[in-house]
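To find a chain, count down the sequence lines: A is the first, B the second, and so on, and within it residues start at 1. Any value given below was found using the heavy atoms of this structure, including those in side chains, with hydrogens, waters and symmetry copies removed. None of these values were measured; they are calculated from a predicted model.
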Amino acid sequence: MSAKPSKAPEVAPQDMNAVRAAKERKLHELLAAGVDPYPHVFKRSSRLAPLAEKYAHLKDGEVTTDEVAVAGRIMALRNNGMFIDLRDPNGKIQLFSHKDNTPESEMKKLETVDIGDIVGAKGIIRRTPRGELTVNVKEFTMLSKSLLPLPEKYHGLTDIEQRYRQRYLDLIMNEESRNVLRTRSKIVTGIRKHMDALGALEVETPILHPILGGASAKPFVTHHNTLDTNFYLRVAPELFLKRLVIGGIADSVYEIGRTFRNEGISPKHNPEFTMIEGYHAYMDYNDMMDHVENLVQAVVKEVHGGLKVPYGDYEIDFSGPWPRKGMLELVTEATKIDFLHFDTADKARKAADDLGISTPPEVNWGQIVEAVFAEQVEPTLIQPIHVTDYPMDISPLAKTHRSNPRLVERFETFVNTWEIANAFSELNDPKEQRRRFDLQVAAREAGDEEAQMLDEDYVAALEYGLPPTGGWGMGIDRFCMLLTNSSNIRDVICFPTLKPKK
RNA sequence: GACCGCUUAGCUCAGCCGGUAGAGCAACUGACUUUUAAUCAGUAGGUCCCGGGUUCGAAUCCCGGAGCGGUCACCA
């Protein structure tokens, strides 16, 4: 391009604030000088964190003859650019430019450098008398000229909405945000490592589901054009994973993946969230309790170093063994009422009413027990506990309890009043499964939007034979909230769902 | 979905009983030069979220709307 110095930026002035205009001007100065403000590559001799380690022994004021090439984002300029704070994802270093040791050509480049630019620098490394590890700049390279100003350096970006909408800015400015999302990554890696060590096979199953299944939830609906068919975005991977166990691809399979529920958004609910589900042949829900406990402990230890984790006003102690208590038993402890004594929904409803928990007439016995449990027991479950033996009414995919036909072999693990895991001995009797589906379909026809659909192919798969299988699922996002002391699920999601602006 | 709250410069925030817009950072001009939120002097920067209304006069009061947050309801 013809590099002619241009005073006037190419963008209409009314579209820019003064800060941007100054940056545009500097960009033009670079172009005019024949400098590419967006070069293709820069060879670093080291990242910043290893440098800090390598030179930790340098005393204040000590100078080396070691030449380094470093790169990162400029976070601060002091003394008209004599001191630059450079940062990369894991470290920081100071750049020092002074006419006594920096060539005039490089000193000149400082005039086109702003806070927020990505730059590279070469020079010898030293520690200043005030103790800052520093590169004495011999050569400057603009690596990416920024055109927008960074948020205020001291307070950072605090506007919660903007932090989620422009997560990149939040990440540039807030160490805490970077750390929370890094911890999430570590948690997922830790889970995967634990599962792989067990010999479980990681698989991927469809997100586009022609038939809703695997959980009671309201779905998103989407459309495939050439098939001219609507699909649901999955609310759970469950039925496909069990098909794989039927197929014998492995004794243990698991999937970590995005799941979608078209329900309210809250500090604990994002419309798309990440679950892990695992299925293990020849095991039952007792084995799953051991499994969930081991896995959670392994990951907590890996992320936190120990098993005690602060959350809000509490300290969660993940050391085991975690108590295992029946849901009905817990309800009885809390209410002095044994709901197993009520053989009809009406009797249970009356007892719930007396507790101030009203339920609509169409709900069944299990749903009433669940409502009482949610109201009276859940808020007390701070430390890890496996709540076992759920009503069959609310568990259409779980195997009937071996000692009580009204219950199923299911448990949910609670921590900090939240359900973090849900597991059962999988129902593998095809006739019983069909009967359960029929009940769901009836509930759906009676207006229960969240009741499950009959999946003929899944029943057919069961008819070929699913081994006795233990299955479990865990919401990764909430688990991450617990381990990062986050009070909002959005903090542990890189790009949480927001209403589009305007 | 209901209730409550917030929204002012690029960012962080003031703005009283209604009298016509302020600071710090960032930017610009200059000074200074081993700083650590550098310092000093000066300059520029506004759809006060949007739309109505009341008023001589609205960032401020009233009504409606939007986005976000908190609480509750449902869900994991």
Student: Between Arg25(A) (CZ) and rA44(B) (P), how many Å, whole number?
Tutor: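 It is 17 Å, rounded to the nearest whole Å.
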
Student: Tabulate atom names and distances for all N/O pairs under 3.5 angstrom spanning the protein and nucleotides 24-27 of chain B.
Tutor:
{"residue": "rC25(B)", "atom": "O3'", "partner": "Lys153(A)", "partner atom": "NZ", "Å": "3.2"}
{"residue": "rA26(B)", "atom": "OP1", "partner": "Lys153(A)", "partner atom": "NZ", "Å": "2.8"}

Student: Reckon Glu132(A) touches a base, only the sugar-phosphate, or nothing at all at heavy-atom distances under 4.0 Å?
Tutor: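 Result for Glu132(A) = base.
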
Student: Measuring only the P atom in each nucleotide, how far is rA23(B) from rG46(B)? A whole number of Å is fine.
Tutor: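 Roughly 14 Å separates the two P atoms.
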
Student: Using a 90° cut-off around 0 for syn, call rC13(B) syn or anti.
Tutor: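 Anti conformation for rC13(B).
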
Student: Can you measure Tyr164(A) atom OH to rG67(B) atom C1' for me and round it to whole angstrom units?
Tutor: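 Atom OH in Tyr164(A) sits about 15 Å away from atom C1' in rG67(B).
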
Student: Describe, in one word, how the ring planes of His291(A) and His194(A) are oriented to each other, choosing from parallel (under 30°), tilted (30 to 60°) and perpendicular (over 60°).
Tutor: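 Rings of His291(A) and His194(A): tilted, as their planes differ by 30° to 60°.
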
Student: For the side chain of Arg261(A), starting at C-beta, report the closest nucleotide among rU33(B), rA76(B), rU12(B).
Tutor: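 My answer, after comparing the listed nucleotides, is rA76(B).
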
Student: Using whole Å, report how far CE of Met75(A) lies from P of rA38(B).
Tutor: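 Atom CE in Met75(A) sits about 11 Å away from atom P in rA38(B).
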
Student: Tell me: OH of Tyr168(A) to P of rC11(B), nearest whole Å?
Tutor: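 Nearest whole value for this atom pair: 12 Å.
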
Student: Under 6.0 Å from the CD atom of Glu53(A), do we count more than 12 heavy atoms belonging to anything else shown?
Tutor: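 Open: at most 12 neighbouring heavy atoms sit under 6.0 Å from CD of Glu53(A).
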
Student: Could you say whether the aromatic ring of Phe273(A) and the base of rA76(B) stack, counting only centre distances under 5.5 Å and plane angles under 30°?
Tutor: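 Yes.
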
Student: Contact class for Gly473(A) (heavy atom, under 4.0 Å): base, sugar-phosphate, or nothing?
Tutor: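 Nothing, no nucleic acid heavy atom in range.
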
Student: Under 6.0 Å from the NZ atom of Lys92(A), do we count more than 12 heavy atoms belonging to anything else shown?
Tutor: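 No, because the 6.0 Å sphere around NZ of Lys92(A) holds 12 heavy atoms or fewer from other groups.
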
Student: Within the 4.0 Å heavy-atom criterion, would you say Arg127(A) contacts the bases, only the backbone, or no part of the nucleic acid?
Tutor: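 Counting heavy atoms under 4.0 Å across all strands, no contact is made by Arg127(A).
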
Student: What are the residues of residues 290-298 of chain A, sorted by number, that bring a heavy atom to within less than 4.0 Å of RNA chain B?
Tutor: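 Output list: empty, so none.
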
Student: Side-chain N or O of Gln162(A) versus OP1/OP2 of rC11(B): is the shortest distance under 4.0 Å?
Tutor: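 It does, given that an N or O in the side chain of Gln162(A) lies less than 4.0 Å from OP1 or OP2 of rC11(B).
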
Student: Whole-Å distance between rU36(B) P and Ile93(A) CD1?
Tutor: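 Those two atoms, CD1 and P, are 19 Å apart.
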
Student: Pick the C1' atom in rA9(B) and in rU47(B), then give their distance to the nearest Å.
Tutor: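 That atom pair is separated by 13 Å.
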
Student: rU34(B) phosphate, OP1 or OP2: any side-chain N/O from Arg78(A) under 4.0 angstrom?
Tutor: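 Checking rU34(B) against Arg78(A), no side-chain N or O comes under 4.0 Å of OP1 or OP2.
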
Student: Does the Asn270(A) side chain pair with the main chain of Thr497(A), one donor and one acceptor, at a distance under 3.5 Å?
Tutor: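 Pair found, side chain donor or acceptor close to backbone of Thr497(A).
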
Student: I want to check one thing: is the phosphate of rA76(B), taken as OP1 and OP2, less than 4.0 Å away from some side-chain N or O of Thr274(A)?
Tutor: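 No, Thr274(A) has no side-chain N/O under 4.0 Å of OP1/OP2 on rA76(B).
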
Student: Measure the acute angle between the ring planes of Tyr285(A) and Phe411(A), then classify it against the limits of 30° and 60° as parallel, tilted or perpendicular.
Tutor: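 It falls in the tilted class, 30° to 60°.
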
Student: Provide, to the nearest angstrom, the distance between the CG atom belonging to Leu233(A) and the P atom belonging to rA76(B).
Tutor: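 From Leu233(A) CG to rA76(B) P: 17 Å.
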
Student: Look at all strands and tell whether Asp159(A) reaches a base, only sugar-phosphate, or nothing, counting heavy atoms closer than 4.0 Å.
Tutor: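 The residue Asp159(A) makes sugar-phosphate contact but no base contact.
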
Student: Is it true that atom CZ of Phe220(A) has more than 12 heavy atoms of other residues, nucleotides or ligands lying nearer than 6.0 Å?
Tutor: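 For Phe220(A), atom CZ is crowded (more than 12 foreign heavy atoms under 6.0 Å).
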
Student: Would you call the rings of His209(A) and Phe240(A) parallel, tilted or perpendicular, where under 30° means parallel and over 60° means perpendicular?
Tutor: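 Because their plane-to-plane angle lies in the 30° to 60° range, the rings of His209(A) and Phe240(A) count as tilted.
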
Student: May I ask you to evaluate whether Asn488(A) reaches the phosphate of rG70(B), defined as a side-chain N or O under 4.0 Å from OP1 or OP2?
Tutor: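 Affirmative; the distance criterion is met.
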
Student: Rounded to whole angstroms, how far apart are CZ on Arg163(A) and C1' on rG10(B)?
Tutor: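 These atoms are roughly 18 Å apart.
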
Student: With rounding to whole Å, what would you report as the distance between rC48(B) and rG15(B) at their C1' atoms?
Tutor: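 Approximately 10 Å lies between the C1' atom of rC48(B) and that of rG15(B).
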
Student: At under 4.0 Å between heavy atoms, what does Asp100(A) touch on the DNA or RNA strands: base, sugar-phosphate, or nothing?
Tutor: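 Asp100(A): no heavy atom of the nucleic acid under 4.0 Å.
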
Student: Ignoring hydrogens and angles, state whether a donor on the side chain of Thr274(A) or Arg184(A) is under 3.5 Å from an acceptor on the partner side chain.
Tutor: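 On atom types as modelled, these side chains qualify, holding a pair under 3.5 Å.
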
Student: Using only atom types and a distance under 3.5 Å, with no angle test, would you say the side chain of Asn294(A) pairs donor to acceptor with the backbone of Asp290(A)?
Tutor: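 The answer is yes, because a donor-acceptor pair under 3.5 Å joins these two groups.
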
Student: For rU34(B), take OP1 and OP2 only and decide whether either is under 4.0 Å from a side-chain N or O of Thr128(A).
Tutor: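 Checking Thr128(A) against rU34(B): no side-chain N or O falls below 4.0 Å of OP1 or OP2.
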
Student: Could you walk me through whether Val331(A) and Gln376(A) pass the side chain to side chain contact (heavy atoms under 4.5 Å, CB included) check?
Tutor: CA-CA 7 Å; Val331(A) 167; Gln376(A) 302 276 334; over 6 Å; no

Student: From the set rU12(B), rG67(B), rU34(B), return the single nucleotide nearest to any side-chain atom of Phe96(A).
Tutor: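 Given the options rU12(B), rG67(B), rU34(B), the side chain of Phe96(A) is closest to rU34(B).
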
Student: Using atom types as modelled and distance alone, determine if a side-chain donor or acceptor of Arg127(A) lies under 3.5 Å from a backbone N or O of Glu62(A).
Tutor: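 Flag not set: sc Arg127(A) to bb Glu62(A) has no pair under 3.5 Å.
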
Student: Quick check on RNA chain B: between Arg490(A) and Glu272(A), whose nearest nucleotide comes earlier from the 5' end?
Tutor: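 The residue closer to the strand's 5' end, by nearest nucleotide, is Arg490(A).
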
Student: Nearest whole Å is fine: how far is rG65(B) P from Lys499(A) NZ?
Tutor: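 Rounded to whole Å, this separation is 13 Å.
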
